[in-house]
Amino acid sequence: MAGLEVATLTLTLLEVALVGAGAQGTTHRNPDYLVQESWSPEPYSHPELYSPPPPESGEEGEQEPRPPGPRPPKKPTKPRRGPRREKLAPETPPSDCPPLGLESLKVTDFQLHASTTKRYGLGAHRGRLNIQAGVNENDFYDGAWCAGRNDLHQWIEVDARRLTRFTGVITQGRNSLWLSDWVTSYKVMVSNDSHTWVTVKSESGDMIFEGNSEKEVPVLNRLPTPMVARYIRVNPRSWFDNGSICLRMEILGCPLPDPNNYYHRRNEMTTTDDLDFKHHNYKEMRQLMKVVNEMCPNVTRIYNIGKSQQGLKLYAVELSDHPGEHEVGEPEFHYMAGAHGNEVLGRELLLLLVQFLCREYLAGNARIVWLLEETRVHILPSLNPDGYEKASEGGSELGGWSLGRWTQDGIDINNNFPDLNTLLWEAEGRPQGPRKVPNHHLAIPEWFLSENATVAVETRAVISWMEKIPFVLGGNLQGGELVVAYPFDMVRSPWKTQEATPTPDDHVFRWLAYAYASTHRLMTDARRRVCHTEDFQKEDGTINGASWHTVAGSLNDFSYLHTNCFELSIYMGCDKFPHESELPEEWENNRESLIVFMEQVHRGIKGMVRDTHGRGIPGAIISVEGINHDVRTASDGDYWRLLNPGEYVVTARAEGFTSATRNCMVGYDMGATRCDFTLAKTNLARIREIMQKFGKQPLSLPARRSKLRGRRRRQRG
């Protein structure tokens, strides 16, 4: 009868818990009782979440015990009004649990429920921390959960799908350009079955937590004592006078071990890479780079490209078998992150990538060894360290959507480059006669170079870096979405805000974007939920930047029109600043993509352009028939031209040399096709060379003819 005694004891404990909960389960005893939905039997429940112990032999007919009730705090010590709210705080201390994942989408839409909603676009599935509304705030993509009625019976609920130790709640108001809606106070309740609820209490009764005073700054309230349950519910008690009950939230909670929970085991993500999975401040980032350099001194080099407005050095790590020098015929690649200081995931993934490449090179990983021996890789983890320092003050959950985005001067680096698109398109629109409009290496306007121009020092440092090193391919890592964007980023029609605006190399950019997206664990998953308002699945996790939203002076467009580098923006995830507990999973999501994208620098053609004496010709122009965009050779005469598989007619030309044309075939196998050119000097160039050698200047042929005609006329007269 041991099983019967266990069942009896469990039921007795449950009755005690219900008595301790007061009248929470009885409507007529508590006027503030929260009205349940008519379909309150939870349709998404998983029977395996509560697996009672198997009955002993002979007791199969006995009734199974119900799951234990939620555990109320043993010694509530806080006053009724609740703890002091915290707007800005460092990363949640060790005593706190990490976020469940409303912002990062680890919590699915099916786990969110609410008492009522105004409309679908304001449903419980939109009550996620930092979620952004669409421009029109329409019926599908609005900026919060909003209750259908403004009364004390409204609630929003999260099903953790397993017993969880809840420690805190973070709330925001509604993201809206036009409306002001937020909750100013609320209760917190927990349950194990979504029917019987226990309210978090203080010494004097139900605890009322102080909410928001405006709609964007997140506010954290820690529970006075952690509560163990499966469900957690927020019940608004007051709201902004001129607004409605609307909120976005995140829940802090630690899932308890449950080997019988099939749902958790199936979705658990682990990594086997022994890397430093944490957020690094500026000093720690510099120290980590130093450690990697000491581990791999023969293939790494640390340097800086300049300083931030606050004087912090912009450090980069170079990985190559000959660090510090450009090897003829070896392409240059770069990753950069942190142009927006609050988009931290890219910064940490690049620090993980540096560690990974070093370790795998030392371990003899053939793929990584080949990559570093055949490529010069540059990694710049933090382009806006000033912004990061500001964002890190709020921590991973309390920084909001924009704290630290801009530089110390308030400049958005990503859109701070010269607008060369307008110069190109205006030139193409003017009648030029026989002179062809340049389609590459467009000069930076004089006004941009002046000291009075509104240009961040970080922007100038990047421009100098990209002009100094002949980059072939690059990726700038950003956050807040999950997509790869390729140029152009600016629409050609001045009256439009969205319009597909492809480059002459659109087919190549699509290849590059899909190379990253298709190897990411989630980007091309048609079942995944959109981050905010945009569904990028119709193009398999990629998008032309201008068809998304127009941006003048973007890094991608500038790189394409001013240098040889093909640059793409890689948006790493919905959560700009994920909790460090999520870094291992994000690394697994992106590791293969980061490597595959680097390997794409070896697509297309490469070679040397030499004169008849075998010397490299710098600045020679490489043109591909049918593509109105050229590239130029580097200082040693070597070049790289990214192309998709196919056969191409390629021409090399340089001032003072005769042009040369040849057919070049690009295959599907990894490795660029070698396509060299030898150019002979023109007759005029040879004459000039001879005259200069002997200290004489060649005469202009038209002027010489005019002089001869004048001499003949005088002789006749």
Side-chain angles (χ1 to χ4, degrees), residues 132 134-136 141 336 339-340 343 346 412 414-415 417-425 428 439-440 442 472-520 522-526 528 530-574 593 596-597 600 603-604 624 626-629 642-644:
Q132 301 296 293
V135 176
N136 300 320
Y141 302 116
M336 68 177 81
H340 298 147
E343 295 171 5
D412 187 334
N414 194 52
N415 310 333
F417 293 84
D419 174 15
L420 303 181
N421 304 58
T422 301
L423 298 179
L424 173 65
W425 295 333
E428 290 178 345
N439 61 16
H440 71 295
L442 274 66
V472 180
L473 177 61
N476 57 87
L477 277 51
Q478 302 189 44
E481 271 293 354
L482 192 59
V483 67
V484 182
Y486 53 89
F488 285 125
D489 290 331
M490 180 180 176
V491 298
R492 188 158 187 163
S493 303
W495 58 88
K496 293 185 177 181
T497 59
Q498 292 177 308
E499 180 184 51
T501 310
T503 66
D505 284 289
D506 188 61
H507 55 298
V508 178
F509 277 113
R510 288 176 179 269
W511 173 293
L512 296 171
Y514 188 69
Y516 194 99
S518 62
T519 50
H520 190 279
L522 298 175
M523 274 192 189
T524 56
D525 186 352
R528 75 172 180 86
V530 299
C531 290
H532 302 284
T533 64
E534 300 286 344
D535 186 359
F536 300 109
Q537 292 309 308
K538 58 185 177 182
E539 294 190 40
D540 293 319
T542 68
I543 189 72
N544 172 255
S547 67
W548 181 10
H549 55 261
T550 185
V551 172
S554 76
L555 171 59
N556 293 349
D557 291 2
F558 168 79
S559 179
Y560 182 69
L561 294 176
H562 184 67
T563 74
N564 288 341
C565 184
F566 285 32
E567 185 89 18
L568 291 84
S569 294
I570 304 170
Y571 292 81
M572 314 301 293
C574 308
S593 301
V596 167
F597 189 73
Q600 302 312 302
R603 295 285 185 185
V624 179
I627 303 177
N628 187 28
H629 183 79
L642 296 177
L643 292 168
N644 286 349

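- The main-chain N or O of Asn556 is never found under 3.5 Å from a side-chain atom of Ser559 such that the two would form a donor-acceptor pair.
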If you apply the rule side chain to side chain donor-acceptor pair (under 3.5 Å), what do you find for Asp419 with Thr422, and how did you get there?
CA-CA 6 Å; Asp419 174 15; Thr422 301; 2.6 Å; yes
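- Listed by chain and number, the residues in a side-chain contact (heavy atoms from CB on, under 4.5 Å) with Ser518 are Tyr514 (sequence neighbours excluded).
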From CA spacing to verdict: side-chain contact (heavy atoms from CB on, under 4.5 Å), Leu512, Leu642:
CA-CA 10 Å; Leu512 296 171; Leu642 296 177; 4.2 Å; yes
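- Minimum interatomic distance between Thr501 and Arg492 (heavy atoms only, all atoms of both residues): OG1-N, 3.7 Å.
- A distance of 8.5 Å separates CG in Asn439 from CD in Glu428, rounded to the nearest 0.5 Å.
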query: Please walk me through it: do Glu499 and Thr550 pass side-chain contact (heavy atoms from CB on, under 4.5 Å)?
result: CA-CA 8 Å; Glu499 180 184 51; Thr550 185; over 6 Å; no
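- Considering every non-hydrogen atom in both Cys565 and Leu473, the closest pair reads SG-C, 3.7 Å.
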- Show the numbers, then the answer: is there a side-chain contact (heavy atoms from CB on, under 4.5 Å) between Trp511 and Gln600? CA-CA 9 Å; Trp511 173 293; Gln600 302 312 302; 3.0 Å; yes
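- Here the shortest heavy-atom pairing between Lys496 and Val491 reads O-CG2, 3.2 Å.
- Put simply, CE on Met490 and CG on Asp557 are 8.5 Å apart, with the number rounded to the nearest 0.5 Å.
- Here the closest non-hydrogen pair linking Asn644 and His507 is ND2-O, 2.9 Å.
- Counting only distance, with no hydrogens or angles, the side chain of Asp505 and the backbone of Val508 share no donor-acceptor pair below 3.5 Å.
- You'll find the side chain of Leu561 reaches within 4.5 Å of the side chain of Leu424, heavy atoms only.
- Side-chain contact check for Glu567 versus Asn476: some heavy-atom pair is nearer than 4.5 Å.
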| message | Could you go through Leu568 and Phe509, starting from their C-alpha distance and side-chain angles, then the distance that decides it, and tell me whether this counts as side-chain contact (heavy atoms from CB on, under 4.5 Å)? | response | CA-CA 8 Å; Leu568 291 84; Phe509 277 113; 3.9 Å; yes
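- At a threshold of 4.5 Å between non-hydrogen side-chain atoms, the residues Glu481 and Phe536 count as touching.
- Panel note: side chain Asn564, backbone Val472; no donor-acceptor pair is recorded below 3.5 Å.
- Counting only distance, with no hydrogens or angles, the side chain of Gln537 and the backbone of Arg528 share no donor-acceptor pair below 3.5 Å.
- Between the side chain of His532 and the main chain of Gly134, no donor-acceptor pair closer than 3.5 Å is present.
- Relative ring orientation between Tyr560 and Phe488 is described as perpendicular, the plane-to-plane angle rising above 60° on a 0-90° scale split at 30° and 60°.
- A 4.5 Å side-chain heavy-atom check between Leu477 and Glu343 finds every atom pair outside the cut-off.
- In this structure, OG1 in Thr503 is found 8.0 Å from CG in Asn544, a value given to the nearest 0.5 Å.
- Thr542 places none of its side-chain heavy atoms less than 4.5 Å from the side chain of Arg510.
- Legend: residues meeting ring-ring contact (aromatic ring centres under 6.0 Å, His included) with Tyr516, ordered by chain and number and at least two apart, are absent.
- Side chain of Thr524 to main chain of His520: no donor-acceptor pair is present (N/O by atom type, distance under 3.5 Å, no hydrogens or angles).
- Taking both residues in full, the closest heavy atoms of Gln478 and Ser569 are given as NE2-OG, 3.3 Å, listed atom of the first, atom of the second, then distance.
- Interatomic distance, Asp506 CG to Ile627 CD1, rounded to the nearest 0.5 Å: 11.0 Å.
- Heavy atoms only, all atoms of each residue included: Leu420 and Leu442 are closest at O-CD2, 3.7 Å.
- Aromatic ring centres of Trp548 and Tyr571: separated by under 6.0 Å.
- For the atom pair Cys531 SG and Gln132 CD, the distance stands at 11.0 Å (nearest 0.5 Å).
- Between the side chains of His340 and Asn414, not a single donor N or O lies within less than 3.5 Å of an accepting N or O.
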